[in-house]
There are 2 protein chains.
Amino acid sequence: MKKQNMEHTRLLVLGLLSSGDMYGYQMIVELERRSDGTFAMKEGTLYPVLHGLEKDGLVDAYEQAAPTGRMRKYYRLTRKGKEALKTEAQDWRRYAAAVDAVLGVSFA
Amino acid sequence: MKKQNMEHTRLLVLGLLSSGDMYGYQMIVELERRSDGTFAMKEGTLYPVLHGLEKDGLVDAYEQAAPTGRMRKYYRLTRKGKEALKTEAQDWRRYAAAVDAVLGVSFA
DNA sequence: TCCTATACCTCGAGTTTCTATGTATTCAGC
DNA sequence: GCTGAATACATAGAAACTCGAGGTATAGGA
């Protein structure tokens, strides 16, 4: 059983939140939808990452009741989080371009 | 000190070898060159990966003397390795496209 | 002679992700 | 009313990966 490569978790979470506040479970569903089934993030991966982002001040959280009455914990990008997203997205593009360069992908 | 993301090591090594046999040290130098300085793979990363690829039958190795007389251990893609490269390169493209989709990158 | 580059390698630490598990609520179907 | 699936949060331990540090050795230039 090979490990799934999900190492850009922080970037992905920040990217999701840049389109609006979300709660954990929603991120997992939304991530799978936007990636067309490629990303299936596990809860055991997401929640520790969210708590880490919160501790680092890149997101903050607030509780809000769902229409059903259930409590949801929404996460929101802070200004610091927006800056981090910008930086990490650039890093990602550089990384992806470098992999393509090594693989000899031609864009001509 | 943040860890550098180097998790697609196997793919990168297979990609390098698809352009010709190489020895370990050469791969590190070549990887840095092709990626324009983005990838600085450490020896502590590369050698265990090479040995793993060999164990899995994706590469095989042979010794050959350099013009200086020093011994070098060259690695060569096996047929199985070429197939693995094809698969992993596809996985990579799918992965990269999925990240871009989540980040909302537009190619229009 | 000494330092840098070349060339191979391993071990232990640190980080990340997964699996497994736990708790609790809501809703659809029976 | 009961049951199972989906929703929603969370943590602990295992597994995987990479890095830093160290070891060995040769070649070449200052």
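Chain A is the first sequence line, chain B the second, and so forth, proteins listed ahead of strands; every chain is numbered from 1. Values reported hereafter were calculated over all heavy atoms of this structure, with side chains retained and with hydrogens, waters and symmetry mates removed. Please read these numbers as outputs of a predicted model, since none were measured by experiment.
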Polar-atom pairs under 3.5 Å, protein N or O versus N or O of nucleotides 24-29 of chain C: list them with distances, or write none.
{"from": "dT25(C)", "atom 1": "O2", "to": "R70(A)", "atom 2": "NH1", "distance (Å)": "2.6"}

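One atom, CD of E63(A), and another, P of dC9(D), lie 9 Å apart when rounded to the nearest Å. Rounding to whole angstrom units, CZ of residue R72(B) and P of dT26(D) are separated by 16 Å. Distance CE (M41(B)) to C1' (dA7(C)): 16 Å, rounded to an integer number of Å. As a whole-Å value, the separation of M27(B) CE from dC8(C) P is 8 Å. Spacing between atom CD of E43(A) and atom C1' of dC18(C) amounts to 12 Å, rounded to whole angstrom units. What separates CG of L53(A) from C1' of dT15(C) is a distance of 15 Å, to the nearest Å. When rounded to the nearest whole Å, the span between CG of L46(A) and P of dA12(D) equals 17 Å. Summarising the geometry, the separation between CD1 on I28(B) and P on dC9(C) is reported as 11 Å, rounded to the nearest angstrom.
Side-chain N/O atoms of H51(A) include one lying less than 4.0 angstrom from OP1 or OP2 on dT11(D). Between T45(B) and dC17(D) there is no side-chain N or O to OP1 or OP2 distance below 4.0 Å. Look at Y47(A) and you won't find any side-chain N or O under 4.0 angstrom from OP1 or OP2 of dA10(D). Taking only side-chain nitrogens and oxygens, K42(A) never comes nearer than 4.0 Å to OP1 or OP2 of dA20(C). For Y23(B), a side-chain nitrogen or oxygen approaches OP1 or OP2 of dA7(C) to under 4.0 Å.
Among the protein residues, G24(B) comes within range of the sugar-phosphate backbone only, with heavy atoms under 4.0 Å from sugar or phosphate atoms but none that close to a base.
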Given the rule in the side chain to side chain contact (heavy atoms under 4.5 Å, CB included) test, do L17(B) and M27(B) qualify, once you have shown the distances and angles that lead to the verdict? CA-CA 9 Å; L17(B) 289 178; M27(B) 292 183 206; 3.7 Å; yes
Are L11(B) and L103(A) close enough, and set up right, to give a side chain to side chain contact (heavy atoms under 4.5 Å, CB included), and what steps lead you there? CA-CA 8 Å; L11(B) 170 63; L103(A) 293 183; 3.9 Å; yes
Test F39(A) against I28(A) for side chain to side chain contact (heavy atoms under 4.5 Å, CB included), laying out the working first. CA-CA 8 Å; F39(A) 295 138; I28(A) 290 175; over 6 Å; no
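Looking at D56(A) and R10(A), a side-chain N of the basic residue comes within less than 4.0 Å of a carboxylate O on the acidic one, giving a salt bridge. The pair R34(A)-E30(A) counts as a salt bridge, with a side-chain nitrogen and a carboxylate oxygen less than 4.0 angstrom apart.
Each of V49(B) and K73(A) was matched to the nucleotide of DNA chain D holding its nearest heavy atom; the match closer to the 5' end belongs to K73(A).
You won't find any donor-acceptor pair under 3.5 Å spanning the side chain of Q26(B) and the base of dA7(C), going by distance alone.
The neighbour count for D36(B) CG, taken as heavy atoms of other residues, nucleotides or ligands under 6.0 Å away, does not exceed 12.
Checked by atom type and distance alone, the side chain of S35(B) pairs as donor or acceptor with a backbone atom of L31(B) at under 3.5 Å.
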